[in-house]
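Data block below; observations after.
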Amino acid sequence: MKRVITVTVINQSGVLNRVTGLLMKRQFNIESITVGHTEQVGMSKMTFIVNVEDERKIEQLVKQLQKQIDVIKVDDITDKSIVMRELALVKVISPPHIRSEMNSIIEPFRATAIDIGKNVVTYQVTGNPEKIEAFIDLIKPYGIKELTRTGATAFVRETQKVHSPQLSILK
Amino acid sequence: MNTGGQAMQELTEMPAETEVQPKQLNDGSAVLIQALKDQGVEVIFGYPGGAVLPIYDALYKNPISHILARHEQGAIHAAEGYARVSGKPGVVIATSGPGATNLVTGITDAMMDSLPLVVFTGQVGQEVIGTDAFQEADIIGITQPITKHNYQVNDIKELPRIIKEAFHIASTGRRGPVLVDIPKNIAVELFDEEEHVDEEVNLPGYQPTTRPNFLQIQKAVQAISSAKKPLILAGAGILHAGAMEELKELVERHRIPITNTLLGLGSIHGEHELFLGMAGMHGTYTANMAITECDLLVNIGARFDDRLTGNLNLFAPNAKVVHIDIDPAEIGKNVPTEIPIVADAKEALKELLKQEIASPVTADWIAHLKEAHKEYPLWYVEDKEHLLPQQAIQIIHRVTGGDAIVTTDVGQHQMWAAQYYSLNNPDHWVTSGGLGTMGFGFPAAIGAQLAKPKERVVAIVGDAGFQMTAQELSLLQELRIPVKVVILNNEGLGMVRQWQETFYEERYSQSLIPVQPDFVKLAEAYDLKGYRINTLEEAESVFQEALLSDEPVLIDCRVKQLENVYPMVVPGTGLHEMIGVSGK
Ligand SMILES: Cc1ncc(C[n+]2csc(CCOP(=O)(O)OP(=O)(O)O)c2C)c(N)n1
Ligand SMILES: [Mg+2]
């Protein structure tokens with residue numbers, strides 16, 4: 001199962017290495033990682049999407065991360081109501097005569113053309129990872145020349161709709 | 001124009017000028033050595049080299065006792081031995097590159113067995129880091145997964161804070177090794193004392209929980225009270241926390257039988273009437289059956305290592321599990337736990353003992369276990385031709401009265417020592433459990449002896465493992481500390497051979513050592529007294545003389561080559577499926 005984990009860390013050199021090294025040592029399968037500064041000076045936040053077999057494994061992961069000296073806070077936000085965003089840049093073969101067709105395809109995704117060449121256009125699209133997947137699937141038949149994705153970053157929403165099942169971590 | 005008068009005047013004015021205090025400028029190395037003194041460091045284990053020349057120069061000017069091991073691995077195992085028996089962090093210094101990489105085994109060993117170490121490595125100058133400079137190794141990258149934490153000092157201003165944090169992290173919470181990598185230019189850079197503000201340790205991401213949760217304690221006492229077949233499993237956490245008194249009180253007040261992990265040995269007197277012996281792969285039949293049959297297993301400070309549990313699916317099948325551990329990540333890692341208690345073992349036990357509860361009725365359970373113990377004691381078959389390793393350890397035990405500090409290497413002799421050297425005292429057992437590091441036992445004994453100069457320290461080692469760090473005999477020659485080295489010499493890699501006998505149809509691939517040095521002559525080469533034992537009679541007399549002497553000695557004790565360690569839990573099987581439980 002996929003889990004979304006956020007990790008707040010002190011911005012020390014080597015901290016990213018420690019965290020990813022730990023995931024490797026414990027044989028966790030990372031799907032994506034994003035890292036960046038936060039509103040607090042000297043703090044960064046990482047968002048991981050990991051693939052794990054069971055709850056015990058995810059509990060281990062959270063506890064092992066928590067144990068790192070430079071890690072301030074670890075949250076498994078998978079079961080919470082969250083906003084999740086990823087950005088993708090897609091360079092597509094797009095000769096001038098199909099541009100308007102392309103525009104109608106990308107419109108519902110609110111993608112924007114950010115670089116236009118003679119026969120190629122680069123689109124930027126943001127959204128949750130599923131939306132990005134769907135976008136890529138639609139665009140693929142036209143011929144993708146280059147694709148890059150940032151990985152997902154996420155927030156817990158202000159209001160939680162449903163009571164979400166919490167893991168029995170760190171009680 | 002300068003006249004003599006003016007010169008005189010200048011001279012007489014000099015004292016007035018010095019009233020303006022000159023800036024106190026020390027270099028990084030001097031700051032380091034002073035910081036070690038401030039931390040109360042009594043002894044450093046180390047080895048110099050290019051990148052740490054400035055540090056060794058500072059040490060020359062402002063001495064702290066320094067033990068020059070003959071290999072960095074020897075230094076760090078000695079520091080581990082020191083840490084294990086003293087409870088204080090062991091301090092190690094090595095140079096960059098090969099000096100640092102030679103420490104890797106010891107650092108990993110300390111990480112696995114939760115020993116507090118603060119390790120300082122030299123590093124090439126900052127201006128060449130990352131250029132594959134001479135003797136550059138990425139020791140931060142290399143030790144990232146094997147340290148509790150590590151630091152590279154990037155700015156001299158950080159040095160005092162980093163040293164403080166390193167000692168704090170190593171010696172609190174779940175203990176462990178911390179490495180501090182110091183680039184050479186930082187070691188010689190001037191440090192401005194005046195601008196320095198001494199900071200308290202402030203680690204927002206490191207706040208070990210030491211006090212137990214009251215509700216969980218409540219649940220634990222209820223579970224104890226209503227158990228019919230309770231069992232305590234005590235690990236090294238008891239020793240790290242110094243919770244031996246509390247443990248004994250819990251055991252005796254409620255009459256709960258107790259077993260130990262390999263590393264927990266000594267947390268209760270080895271001859272306590274409720275002590276079942278060690279559990280696990282080479283544990284006693286009684287201890288392993290108790291784990292299998294108990295209805296409540298109270299694990300205090302052990303991490304349910306696979307050498308203890310055997311097949312996890314068959315482990316403690318009838319038990320409700322209480323697990324007290326300072327490291328939350330250990331709880332539930334291997335064994336599902338009904339009552340988790342994150343706490344220091346001493347704090348948790350104190351809290352448990354405060355609760356007024358009805359003791360469980362355990363008389364039948366204890367009688368049953370005593371019966372099992374009578375039926376299936378540890379056993380061996382005497383051999384007229386050969387001295388048995390088990391007999392040798394029994395004699396060592398008798399001669400030293402069970403009071404020695406015993407260190408071991410890794411292999412069969414280690415298991416026999418665990419089985420037959422029953423300990424009277426805590427912190428008198430030094431062995432490599434988690435990593436199983438051959439070469440550990442002898443240097444660890446040197447560190448233990450330095451920590452406890454008045455105690456009798458006996459290193460029980462194998463003929464093979466001893467040769468991995470035998471160069472440290474130089475330290476006995478130099479320091480004349482009275483470490484007793486006992487080589488249980490079976491002319492081979494006994495433990496490997498035993499597995500080949502059991503699982504590979506006696507194909508002894510590379511496990512019988514074809515030639516050996518003359519260990520007695522080896523001792524003599526280092527100006528040490530060497531003895532050889534071939535028979536039971538010689539064992540009686542030689543151990544009596546050698547172990548009670550005030551000198552360092554080495555004893556080549558020839559034992560039966562093909563003896564096996566029993567009983568044994570075959571990997572993949574359950575504790576109750578032990579083989580070799582009886583010689584009958
Ligand atoms: C550094 C290292 N290499 C290899 C091993 C694997 N190993 C475990 S026990 C053993 C044999 C040890 O022989 P010896 O020191 O003579 O002890 P004995 O088992 O004979 O008592 C070996 C090779 C190890 N534990 N550590
Ligand atoms: Mg041997």
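Throughout, protein chains are lettered first and strands after them, A, B, ... in sequence-line order, and every chain is numbered starting at 1. Note that the structure is predicted; figures quoted are calculated from it, not measured.
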Can you name the residues of residues 165-186 of chain B that have some heavy atom under 4.5 Å away from a heavy atom in chain A?
B/I169, B/R174
Short side-chain donor-acceptor distance under 3.5 Å, A/T78 and A/R3
yes
Inter-residue atom distance B/I107.CD1 - B/K148.NZ, 0.5 Å rounding:
15.0 Å
Using heavy-atom distances under 4.5 Å, tell me whether A/I10 contacts chain B through its side chain, its backbone, both, or neither.
side chain
Could you tell me which portion of A/S13 (side chain, backbone, both or neither) has an atom closer than 4.5 angstrom to a non-hydrogen atom of chain B?
side chain
Measuring from B/D109:CG to B/L103:CG, what's the distance to the nearest 0.5 Å?
12.5 Å
So do the side chains of A/N11 and A/H37 get within less than 4.5 Å of each other, counting heavy atoms only?
yes
Among A/N17, A/V9, A/T8, single out the residue with the greatest number of heavy-atom pairs under 4.5 Å to chain B.
A/N17
Are side-chain N/O atoms of A/Q64 and A/Q60 paired as donor and acceptor at under 3.5 Å?
yes
Check whether the ring centres of B/H149 and B/Y206 lie less than 6.0 Å apart, and answer yes or no.
no
With a 6.0 Å cut-off on ring centres, are A/F48 and A/F28 close enough?
no
Please identify, among A/K25, A/R56, A/K67, A/R18, the residue contributing the most non-hydrogen atom pairs under 4.5 Å to chain B.
A/R18
Pair listing, salt bridge (Lys or Arg N to Asp or Glu O under 4.0 Å) test, anchored in residues 106-132 of chain A, at least two apart:
none
